[in-house]
Undergrad: 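Attaching a single structure in structure tokens format; questions to follow.
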Amino acid sequence: MRCWPGLSKLNQFAGVEAIKQCAALGMGLAFLPEVTAAAEVADRKLAALTWTGPDVAMSTQVAWHKDKWISPALQAFLELARARLTGGARIRRHG
């Protein structure tokens, strides 16, 4: 684990909800994609801060079995996620 200068501890969580709850309880700062915290910022449970430190890279991954049927609902989700999270970038298929 690496801490940013001036920070004494860095925690990593697997779930966005846990991260948001910890930040909302005042346990520290959270680096989150804007879309994941928009509702909490609008409800004033979280505050969006201007980050002036080094760039922070984040990635999102979605995986599915290449030989399985993709339902219309899943296809719609994949298209929405692609448009919302990547600005329409092409999904890379392996296999």
Side-chain angles (χ1 to χ4, degrees):
M1 261 190 247
R2 180 177 98 177
C3 291
W4 296 107
L7 296 180
S8 61
K9 187 174 181 180
L10 176 68
N11 289 316
Q12 295 178 342
F13 296 89
V16 172
E17 290 303 318
I19 296 168
K20 292 192 294 187
Q21 290 298 319
C22 287
L25 291 171
M27 296 174 66
L29 300 174
F31 288 96
L32 296 167
E34 186 176 359
V35 67
T36 64
E40 288 82 1
V41 171
D43 291 341
R44 302 178 63 92
K45 293 178 182 174
L46 294 175
L49 303 175
T50 302
W51 177 250
T52 59
D55 288 344
V56 178
M58 294 185 197
S59 63
T60 300
Q61 297 178 358
V62 178
W64 62 92
H65 193 286
K66 67 182 178 80
D67 296 330
K68 297 288 184 176
W69 176 73
I70 296 177
S71 71
L74 178 56
Q75 184 64 40
F77 168 76
L78 293 172
E79 291 171 7
L80 177 65
R82 180 184 311 129
R84 186 77 163 161
L85 298 173
T86 67
R90 183 181 175 101
I91 291 179
R92 182 178 13 177
R93 294 179 185 259
H94 295 280

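Computed from heavy atoms alone, side chains included, the values below leave out hydrogens, waters and symmetry copies.
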Undergrad: Taking all heavy atoms of A24 and all of L46, pick out the closest pair and write down the distance.
TA: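 Heavy atoms of A24 and L46 come nearest at N-CD2, 3.5 Å.
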Undergrad: Hydrophobic clustering (ILVMFWY, side-chain heavy atoms < 4.5 Å, transitive) - are V62 and L74 grouped together?
TA: yes
Undergrad: Tell me whether F77 at atom CZ has more than 12 heavy atoms from other residues, nucleotides or ligands lying less than 6.0 Å away.
TA: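 Atom CZ in F77 is not packed in, count stays at 12 or less.
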Undergrad: Measuring from R84:CZ to E34:CD, what's the distance to the nearest 0.5 Å?
TA: 8.5 Å
Undergrad: Under the rule for side-chain contact (heavy atoms from CB on, under 4.5 Å), what residues qualify as partners of L32, not counting sequence neighbours?
TA: V16, I19, K20, A30, T36, A37
Undergrad: Assess, by modelled atom type and distance only, whether the side chains of Q75 and E79 contain a donor and an acceptor separated by less than 3.5 Å.
TA: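 Side-chain D/A pair, Q75 to E79: present.
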